[in-house]
Amino acid sequence: MLKLLLTVLNICCIFLSIQVIAQIDLNYYLSEDTEYDKNIPTPKSILGHEVGEWHVSHDKLVQYMYALAASSDKVTIEEYARSYENRPLVLLTITSKKNQENIDDLKEQHVALTQKNGNAKNIKDMPAVVWLGNAVHGNEPSGGNASMLMAYHLVASKDEYTQKLLDQTIILLDPCFNPDGFNRFAHWVNSHKSKNLNPDPQNRE
């Protein structure tokens, strides 16, 4: 009887999972209250799948970030190092077009705050600098996957709040600290992924 009950529960879990996936809108991660710039590539347009359907590999993650930077004057991207396995570590600077045009002057102003009498500087008109670092542990992939959604929203959103945020903030976004571990994990999970969702906790995935 217990065996039959567990079998029925497993079947129900699979059915419910399929139903949920079937109801997911292709743009499930976008805000319904926000208009997005059609000229900015979505993650799916570069990856070939929605964020979350597969674990993104590091090369695709970097590919998307470069595509994003190429599509907007709100973003610049630079490679600042290489991993042990020779994968690029990149940093995006995301802010308003106005701030991007004056980025060197703004950097000098912020550096000046660390010098003697730096506290005498007027910081009211300076944009704040915020640093977002993602995916330091290889088997914690959510940060790297979420970084694409964060970057897309900041660059493509047309809502007033986001525009104000970018005027007042310079966001330094590192999508992945640990490219080698991140890619190893994505490859392992993707290669062992079941074609059909399996709720069994002993499933290899």
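In this chain, numbering begins with 1 at the start of the sequence shown. Hydrogens, waters and symmetry mates play no part in the numbers below; they use all other heavy atoms, side chains included.
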Please report the interatomic distance [atom1]([X]) to [atom2]([Y]), rounded to the nearest 0.5 Å.
X	Y	atom1	atom2	answer
Thr169	Met126	OG1	CE	14.5 Å
Asn196	Lys193	CG	NZ	11.0 Å
Asn134	Asn178	CG	CG	12.5 Å
Met148	Leu173	CE	CG	11.0 Å
Ile46	Leu61	CD1	CG	12.0 Å
Tyr161	Leu165	OH	CG	5.5 Å

Are [X] and [Y] packed together at the side-chain level, in the sense that at least one heavy-atom pair is separated by less than 4.5 angstrom?
X	Y	result
Val90	Asp174	no
Gln100	Thr93	yes
Pro43	Leu149	yes
Leu89	Pro179	yes
Cys176	Asn183	no
Pro175	His58	no
Pro127	Gln168	no

Do [X] and [Y] sit in the same hydrophobic cluster, where Ile, Leu, Val, Met, Phe, Trp and Tyr count as joined when their side-chain heavy atoms come under 4.5 Å apart?
X	Y	result
Ile94	Val129	no
Val75	Ile170	no
Leu106	Leu113	no
Phe182	Leu91	no
Ile103	Leu166	no

Q: Answer yes if the ring centres of Trp131 and Phe177 are under 6.0 angstrom apart, and no otherwise.
A: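 Ring centres of Phe177 and Trp131 closer than 6.0 Å.
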Q) Is the gap between the ring centers of His153 and Tyr36 under 6.0 Å? A)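 Yes, they do, as the ring centres are separated by less than 6.0 Å.
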Q.
Determine whether Ser147 and Leu132 satisfy the following criterion, side-chain contact (heavy atoms from CB on, under 4.5 Å), listing intermediate values before the conclusion.
A. CA-CA 9 Å; Ser147 70; Leu132 302 174; over 6 Å; no
(Q) Does His187, at its NE2 atom, have more than 12 non-hydrogen atoms belonging to other residues, nucleotides or ligands within less than 6.0 Å? (A)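 No, the 6.0 Å shell around NE2 holds no more than 12 heavy atoms from other groups.
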(Q) With a sphere of 6.0 Å drawn around OH of Tyr80, does it hold more than 12 non-hydrogen atoms of other residues, nucleotides or ligands? (A) yes
Q: May I ask you to say whether Glu85 pairs ionically with Arg82, meaning some side-chain N is under 4.0 Å from a carboxylate O?
A: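 No.
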Q. Of all residues at least two apart in sequence or in a different chain, which pass the side-chain hydrogen bond (donor to acceptor under 3.5 Å, both in side chains) check with Asp167?
A.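 Once residues adjacent in sequence are excluded, the partners of Asp167 under the side-chain hydrogen bond (donor to acceptor under 3.5 Å, both in side chains) criterion are Ser96.
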Q. So Lys74 and Thr95, side-chain contact (heavy atoms from CB on, under 4.5 Å) or not? Walk me through it.
A. CA-CA 5 Å; Lys74 298 177 183 177; Thr95 188; over 6 Å; no
**Q.** Asp180: salt bridge (charged side-chain N to carboxylate O under 4.0 Å, His left out) partners, not counting sequence neighbours
**A.**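 Applying salt bridge (charged side-chain N to carboxylate O under 4.0 Å, His left out) to Asp180 gives Arg87.
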Q) Checking side-chain contact (heavy atoms from CB on, under 4.5 Å) for the pair Trp54/Lys60: CA distance, chi angles, key distance, verdict? A) CA-CA 11 Å; Trp54 293 86; Lys60 285 188 174 182; over 6 Å; no
Q. If we ignore angles and hydrogens, is there a donor and acceptor under 3.5 Å between the side chains of Asn145 and Ser142?
A. no
Q: Go through Asn203 and Ser194 one step at a time and tell me if the side-chain contact (heavy atoms from CB on, under 4.5 Å) criterion holds.
A: CA-CA 9 Å; Asn203 179 42; Ser194 299; 3.3 Å; yes
